[in-house]
Undergrad: 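Below is a structure I'd like to ask you about.
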There are 2 protein chains.
Amino acid sequence: MQRLGKNVRMADIAEAAGVSLATVGRVLHKRGYVSAANRARIERLIQTAGYVPDKLAQGLKNRESKLIGHLVVFNPNMLFAKISLAVNTAALAQGFQVLTMTGHPNLDEEEAQVRELIGHRVDGVIITSNTRVSKALIRKLVGLKIPVVMIERTFTLPQVDRIRVDDRQGAAEAVRHIIARGHRRIGFIGLPLVHDVEKLRYRGYCDALGDAGLALDQACTCFVPEYSVAAGYQATEALSKLADPPTAVFATSDLFACGVLQALHQQGRRVPEDLALVGYDDTLSALLAPPITSVGLSLEAIGQHAIALILRRLGDRKAPARTVRVNTVLIDRQSVSTLA
Amino acid sequence: MQRLGKNVRMADIAEAAGVSLATVGRVLHKRGYVSAANRARIERLIQTAGYVPDKLAQGLKNRESKLIGHLVVFNPNMLFAKISLAVNTAALAQGFQVLTMTGHPNLDEEEAQVRELIGHRVDGVIITSNTRVSKALIRKLVGLKIPVVMIERTFTLPQVDRIRVDDRQGAAEAVRHIIARGHRRIGFIGLPLVHDVEKLRYRGYCDALGDAGLALDQACTCFVPEYSVAAGYQATEALSKLADPPTAVFATSDLFACGVLQALHQQGRRVPEDLALVGYDDTLSALLAPPITSVGLSLEAIGQHAIALILRRLGDRKAPARTVRVNTVLIDRQSVSTLA
DNA sequence: GCTGCATATGTTAACGTTAACACATTCGAG
DNA sequence: CTCGAATGTGTTAACGTTAACATATGCAGC
């Protein structure tokens, strides 16, 4: 039966068992009637021959590839790599594989990547926040009836589901934690408010200050151009130079927290003694010296929801767009000192 | 021509252009004769209709999926995520997509993952060092004539190509760098020598000491059970308690370096003033306070070689096994002080 | 001894692409 | 004007799987 160096086919099993393709198919799909004797024989043959169904043929016939596309850009703190991992894991649990496109897409490449996914006839596409993928391109996918899920992207599109992290609440919780330890002047490091996600984190920061009756001091808020260590470093230097510098800093990314620590190290100051520090995304915070309190995202939940949303839409292609909210978890690592 | 919500097929193009499938095929493959008029018309139709060839059908016919499997386990420092990224990028440049399996495989799962890849009829499989994938399973792939490339795994198997990083040289260079700055007692933190990769790094450490005429002091070498921050922390505490503690430490992973920094922070000591430190893999070192000198791996080279080896074997399935060596790059970040 | 249903199996036409093959037409060289 | 390239196009049989349809036997109920 073994055709040298070739994959075993249903036909090979059928021949060896002396039955037709259909009977083998019935055993494989556990559907329809097969005599006990034949079933046993076929199952044994499948085992010993190491038959594995050809997903290409299955896909061609069934019009489904069991492949899901994931558009994402990895960044230095590898948050998106972790999301990618979560997506992969959740997909695998449902019998899907993930094609991850991690480009740095100029707008041409972006289009090429989507074409690539369409070519592979992916059953769904997940688009994460830090890609540029345009509405037009998403509409193209929708037009092809390919379910699309966006993670942490803010615009809405008919028949496109979304996953949003409750960043406002997450940030507020972090800042409340700082306030509870007695801090009154709390610095903020984040991206300009043109980024919706960042807007939410900033609002959460404001919420917490407001709830505690603390005034928002513009001098304490640093808006930097990009997620990077260097940006955190520079922001910290700026904050240090203030006449009345903050005693604590809330950073909207662990990358910023790294920069804060580097700046402090340079100045010979320490966390938490000289400055309290809380980061965001919990990607690096456990690794730093000292380990930093940070706001963790529920990555597994994100992955599972992404797959679940695709599955749902695979069942009902014209279901109304749904937005799933995912919460955050404050992970306390003692980088916030208690102030007198 | 548009069949609502369905992908455009060659047949649709052919019909619209008033030609046969074969003619469209000739345009698509740029092969054979097509009249200029027809060519232009067909090309335009392909454009406007947004035709994308079905890789499932192509794969079924051509017995190639344009998919490459990658077996890997992501670890906390995300080194393997970065390798994964490099592999993806290199694959894409050659028209391949990557199916990444990032399990924490008990030996059953491992088998299931490989079956999954076989099911998708991957054109090749890349296996990275930190998986458990057994020889038996690899032999199965070889039996199916699927090219296999192993990254940083040490055993040899006929028709299985390998990529090895020149860890011995990389470690030696790092330690020589430390010695050049005047250090004489240099600690070592690494895994037990049962791991071949670690064995090489340890040998490199010994090489450098030997070349400099320095004695190897067993007391300065810490073999810890796993790559982790905690292990680095504990090793540092142990080294600190020595009567004659080292003035520098070479760690075989940036994760260890993180632990070293945490331990020093705890003790109120500083890098590089109180201890020189060099890490390995350059995954985290740039983010730490202070940034740490580390041995970088040529990730892009690893990715490109992996794909190139698969391509080569796709051309000649019974080519003899080849091992490609990839070098390292010492990235100096001033975490090694100059001793008197 | 039918009828009808449960059981058991086989045949065949897709799915979208490719490539081998066949069949035209044109044109230049002899 | 005829032969053989060169040019241009069409037909068809795979690739491996699925599912609709067809067929056949045995047996219970009447």
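Chain A is the first sequence line, chain B the second, and so forth, proteins listed ahead of strands; every chain is numbered from 1.
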Undergrad: Do the side chains of B:Q97 and B:K55 get nearer than 4.5 Å, heavy atoms only?
TA: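 SC-SC contact between B:K55 and B:Q97 ruled out.
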Undergrad: At less than 4.0 Å, is any side-chain N or O atom of A:T23 found next to OP1 or OP2 of C:dG10? Yes or no.
TA: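 So the side chain of A:T23 is within the cut-off, an N or O lying under 4.0 Å from OP1 or OP2 of C:dG10.
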Undergrad: Quick one: is B:N7 getting a side-chain N or O under 4.0 Å of the C:dG16 phosphate, OP1 or OP2?
TA: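 Result: no.
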Undergrad: Quick one, A:T323 and A:T156 - any side-chain contact, counting heavy atoms below 4.5 Å?
TA: no
Undergrad: Name every residue in residues 51-62 of chain B that has at least one heavy atom under 4.0 Å from any atom of DNA chain C, in order of residue number, or write none if there are no such residues.
TA: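 Correct list: B:Y51, B:P53, B:D54, B:A57, B:Q58, B:K61, B:N62.
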Undergrad: List, one per line, each side-chain donor-acceptor pair under 3.5 Å for residues 79-93 of chain B, sequence neighbours excluded.
TA:
{"residue": "B:K82", "atom": "NZ", "partner": "B:T283", "partner atom": "O", "Å": "3.4"}
{"residue": "B:N88", "atom": "ND2", "partner": "A:T100", "partner atom": "O", "Å": "3.3"}
{"residue": "B:T89", "atom": "OG1", "partner": "B:L85", "partner atom": "O", "Å": "2.9"}

Undergrad: How many Å lie between NZ on B:K30 and P on C:dA19, as a whole number?
TA: 15 Å
Undergrad: Any side-chain N or O of B:R63 less than 4.0 Å from the OP1 or OP2 oxygen of D:dG16?
TA: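 So the side-chain polar atoms of B:R63 do come within 4.0 Å of the phosphate oxygens OP1 or OP2 of D:dG16, strictly under.
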Undergrad: On the nucleotide D:dG8, are OP1 or OP2 found under 4.0 Å from the side-chain N or O atoms that B:Y33 carries?
TA: no
Undergrad: Calculate the interatomic distance between B:E15 atom CD and C:dG16 atom C1'; express it in whole Å.
TA: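 Checked: the CD to C1' distance equals 15 Å.
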Undergrad: Round to the nearest Å and state the distance from B:M10 atom CE to C:dC15 atom C1'.
TA: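 Taking CE of B:M10 and C1' of C:dC15, I get 14 Å after rounding.
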Undergrad: Within this structure, what is the CD1-to-P distance between B:I13 and C:dT18, rounded to whole angstrom?
TA: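 In whole Å, C:dT18 P lies 13 Å from B:I13 CD1.
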Undergrad: Could you state the CZ-P distance from A:R121 to C:dG16, rounded to the nearest angstrom?
TA: 8 Å
Undergrad: Got B:L99 and A:L67 here, is their nearest side-chain heavy-atom distance under 4.5 Å?
TA: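 B:L99 vs A:L67: side chains touch.
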Undergrad: Whole-Å distance between D:dT18 C1' and A:E64 CD?
TA: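 Result: 11 Å.
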Undergrad: Tell me: CG of B:L21 to P of C:dG16, nearest whole Å?
TA: 11 Å
Undergrad: Should B:L309 and B:P147 count as side-chain neighbours, where that means a heavy-atom distance under 4.5 Å?
TA: no
Undergrad: Atom CZ of A:R26 to atom P of C:dT9: distance rounded to whole Å?
TA: 8 Å
Undergrad: Would you sort out whether A:L117 and A:L71 count as a side-chain contact (heavy atoms from CB on, under 4.5 Å), showing the intermediate values?
TA: CA-CA 10 Å; A:L117 294 180; A:L71 293 160; 4.1 Å; yes
Undergrad: Distance from A:I307 atom CD1 to A:I68 atom CD1, nearest 0.5 Å?
TA: 4.0 Å
Undergrad: Does a side-chain N or O of B:R31 approach OP1 or OP2 of C:dA19 to a distance below 4.0 Å, or not?
TA: yes
